[in-house]
Amino acid sequence: MENMTTNPDILVSGGGIAGPALAYWLRRAGFRPVVVERAPAPRPGGQTVDLRGAGRTVIERMGLLERAAELAVEQRGIALVDRRGRHTARMPTELFGGEGIVSDLEILRGDLADLLYEATAGDVEYLFDDTLTALHEDADGVHATFENAPPRRFDLVVGADGLHSVTRRLAFGPEQGHFVPLGGCTAWFTARLGPELDLDGWFLMYNAPGGLVAMARPGRLPGETKVALSFRTASAAPDRRDRAAQQRLLTEKFTGAGWESDRLLAAMADADDFFFEDLGQVRLDRYTRGRIALVGDAACCPTPLTGLGTSLALVGAHLLAGELATARGDFTTAYAAYQHRMRPYAAQAQQLPPGGMRAYAPTTSPMIALRAASMRWMTRWPLRRLMEAQAAKASDVELPDYTQVFA
């Protein structure tokens with residue numbers, strides 16, 4: 001038996017979604033989680049994320065569903081547009097039981113992060129503006145070294161630090177062995193365009209030849225537009241810290257591409273939440289190694305194409321904390337149970353929607369027209385079954401009743 005009773009402190013690396021959710025449940029179980037986060041405060045901004053399936057169930061079990069619904073973004077659904085802005089296909093929110101491409105409960109990532117932080121800040125220690133630099137595991141625990149804070153020992157360490165997880169690199173090895181690129185990049189930012197771009201409540205998506213995708217969707221605040229620009233590429237992306245190079249590349253790709261591309265590019269320079277990322281998945285055979293575990297994107301990022309990243313983060317946090325609480329004093333048993341429950345769910349979630357990147361970012365005009373036709377057909381038999389199967393993935397996991405251990 002691996003005993004945790006002498007030092008029930010658990011370091012959680014990452015203060016986004018999975019980290020605070022995990023800290024919430026660990027604290028409920030009597031552990032003492034410490035969350036370290038690179039940013040100086042909970043990260044603002046970000047796009048809308050889906051609260052669907054089992055992920056929504058976790059939020060409900062936390063008692064946060066009503067508040068999340070109050071913060072939800074109002075959207076009529078998703079619509080494809082041509083270069084003149086005319087709708088070529090629509091999928092309203094209410095289709096597929098509210099679990100279609102746009103779910104009936106979507107919240108800005110920053111709002112969800114704030115909600116989870118507020119639920120934990122009173123009794124969880126947070127180390128902001130800091131990050132891990134080294135982990136040394138021995139028979140009794142893990143010695144963690146930080147960039148700013150003094151070194152500390154923990155019984156367990158959990159990496160909830162995203163696609164480019166520092167914890168995963170320190171404990172599992174270089175990213176190249178775990179990251180599977182999908183051949184594209186994407187950028188997100190907030191634009192304040194006011195009435196210049198009337199979305200009429202729709203999430204608008206424009207495809208241009210060459211594998212370009214420009215998207216705009218309503219924010220929660222008046223005049224706020226959430227923008228995403230994606231493109232297909234086989235080349236290496238600019239350095240993740242070089243914002244100027246990233247924006248130059250986007251400008252080269254999207255200038256004159258049609259629809260509202262030029263207007264969105266003009267707004268990009270002033271965005272205070274600009275974020276650029278490779279499109280790819282994290283594939284691991286195991287989510288644990290020794291006393292170190294991974295959760296959320298650090299363990300099994302599915303890419304934004306699936307719409308299931310938030311569900312994986314919330315469900316993984318709930319399962320990991322629940323199994324640690326159930327097997328108190330024996331983390332090896334808890335980790336094995338977490339792996340057993342989580343891996344099939346993640347494997348399903350990582351299966352891309354029909355067509356994958358080719359459907360998301362078609363490269364020719366005929367393929368763009370076919371994409372619009374496919375969305376129209378998705379609401380009718382027999383293709384409707386494909387969409388229903390994709391929607392069902394969010395709920396395809398058993399969530400045990402951990403009520404007794406979370407007393």
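Computed over heavy atoms, backbone and side chain alike; hydrogens, waters and symmetry mates excluded.
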Q) What are the two closest heavy atoms between Leu163 and Asp278, and how far apart are they? A) CD2-O, 4.0 Å

Q: Check the pair Arg43, Arg109 against side chain to side chain contact (heavy atoms under 4.5 Å, CB included), reporting the backbone distance first and the verdict last.
A: CA-CA 9 Å; Arg43 295 179 187 267; Arg109 184 202 172 279; 4.1 Å; yes

Q. Are the side chain of Thr120 and the backbone N or O of Tyr117 linked by a donor-acceptor pair below 3.5 Å?
A. yes

Q: Using only heavy-atom distances, determine whether the side chains of Glu323 and Tyr402 contain a donor-acceptor pair under 3.5 Å.
A: yes

Q. What pair of heavy atoms forms the shortest contact from Val166 to Leu132, and how long is it?
A. CG1-O, 3.5 Å

Q: Please confirm whether the backbone N or O of Gly15 pairs with a side-chain atom of Glu37, one donor and one acceptor, at under 3.5 Å?
A: yes

**Q.** Under 3.5 Å donor-acceptor, Asp396 side chain and Tyr345 backbone
**A.** no

Q: Start with the C-alpha gap between Ile101 and Met375, add the side-chain angles, then the distance that decides, and say whether side chain to side chain contact (heavy atoms under 4.5 Å, CB included) holds.
A: CA-CA 10 Å; Ile101 296 176; Met375 180 177 284; 3.9 Å; yes

Q. Within the side chain of Gln281, is there an N or O that forms a donor-acceptor pair under 3.5 Å with the backbone of Gln350?
A. yes

Q. Is the side chain of Arg291 donor-acceptor paired with the backbone N or O of Ala139 at a distance under 3.5 Å, no angle test?
A. yes

Q) Is the shortest side-chain N to carboxylate O distance from Asp138 to Arg153 below 4.0 Å? A) yes

Q) Taking atom CG of Leu229 and atom CD of Gln246, what is their separation to the nearest 0.5 Å? A) 12.5 Å

Q: Applying side chain to side chain contact (heavy atoms under 4.5 Å, CB included), run through Phe274 and Leu250 and close with a yes or a no.
A: CA-CA 12 Å; Phe274 177 85; Leu250 289 166; 3.8 Å; yes

Q. Considering only heavy atoms from C-beta outward, does the side chain of Asp9 approach that of Leu11 to under 4.5 Å?
A. no

Q: Applying side chain to side chain contact (heavy atoms under 4.5 Å, CB included), run through Leu65 and Arg56 and close with a yes or a no.
A: CA-CA 7 Å; Leu65 186 58; Arg56 186 181 303 193; 3.8 Å; yes

Q. Do Asp239 and Arg241 pass the salt bridge (charged side-chain N to carboxylate O under 4.0 Å, His left out) test, and can you show the C-alpha distance, the side-chain angles, and the key distance before you say yes or no?
A. CA-CA 5 Å; Asp239 188 290; Arg241 295 159 294 188; 3.2 Å; yes

Q.
If I compare all heavy atoms of Ile17 with all of Ala313, which pair ends up nearest, and what's the gap?
A. CG2-CB, 4.3 Å

Q: Ignoring hydrogens and angles, tell me if any N or O in the side chain of Arg371 forms a donor-acceptor pair with the backbone of Ala359 under 3.5 Å.
A: yes

Q: State the OG1-CG distance between Thr303 and Leu279, to the nearest 0.5 angstrom.
A: 6.5 Å

Q) Would you call Lys226 and Glu106 a salt bridge, taking side-chain N to carboxylate O under 4.0 Å as the test? A) no

Q. In terms of ring plane angle, is the pair Phe172 and His178 parallel, tilted or perpendicular, where the classes change at 30° and 60°?
A. perpendicular

Q | Short side-chain to backbone donor-acceptor contact, Arg341 and Leu319, under 3.5 Å | A | no

**Q.** Heavy-atom donor-acceptor pair, Arg286 side chain to Gln339 backbone, under 3.5 Å
**A.** no

Q: Please report the closest heavy-atom contact between Phe276 and Ala237, naming both atoms and the distance.
A: CE2-CB, 4.0 Å

Q: Could you give me the CA-CA distance, side-chain angles and deciding distance for Thr190 and Asp273, then say whether side-chain hydrogen bond (donor to acceptor under 3.5 Å, both in side chains) is met?
A: CA-CA 7 Å; Thr190 301; Asp273 62 346; 2.5 Å; yes

Q: Please check if the side chain of Tyr206 supplies one atom and the backbone of Ala216 the other of a donor-acceptor pair under 3.5 Å.
A: no

Q | For Leu197 against Thr225, the heavy-atom pair lying closest together | A | CD2-CG2, 4.4 Å

Q.
Using 30° and 60° as the class boundaries, would you call the ring planes of Phe154 and Phe146 parallel, tilted or perpendicular?
A. perpendicular

Q: If the plane angle is over 60° it's perpendicular, under 30° parallel, otherwise tilted; pick one for Tyr287 and Tyr338.
A: tilted

(Q) Show the nearest heavy-atom pair for residues Ala349 and Pro302, with the distance to one decimal. (A) O-CB, 3.9 Å

Q. Aromatic rings Trp202 and His87: how do their planes relate, parallel, tilted or perpendicular, breaks at 30° and 60°?
A. perpendicular

Q: State whether Phe31 and Arg328 meet the cation-pi test: NZ (Lys) or CZ (Arg) under 6.0 Å from the six-membered ring centroid, and within 45° of the perpendicular axis.
A: yes

Q. Do Ile292 and Leu170 come close enough that some side-chain heavy atom pair is under 4.5 Å?
A. no

Q: Rounded to the nearest 0.5 Å, what's the gap from OG on Ser311 to NZ on Lys393? Could you check?
A: 12.5 Å

Q | Atom CD of Glu74 with >12 non-hydrogen neighbours under 6.0 angstrom | A | no

Q) Do Asp161 and Thr167 get their side chains close enough for a donor-acceptor pair, meaning under 3.5 Å? A) yes

Q) Do you see a donor-acceptor pair shorter than 3.5 Å between the side chains of Arg217 and Gln47? A) no

(Q) Is it the case that the side chain of Glu137 and the backbone of Gly290 share a donor-acceptor pair, with hydrogens and angles ignored and the cut-off at 3.5 Å? (A) no

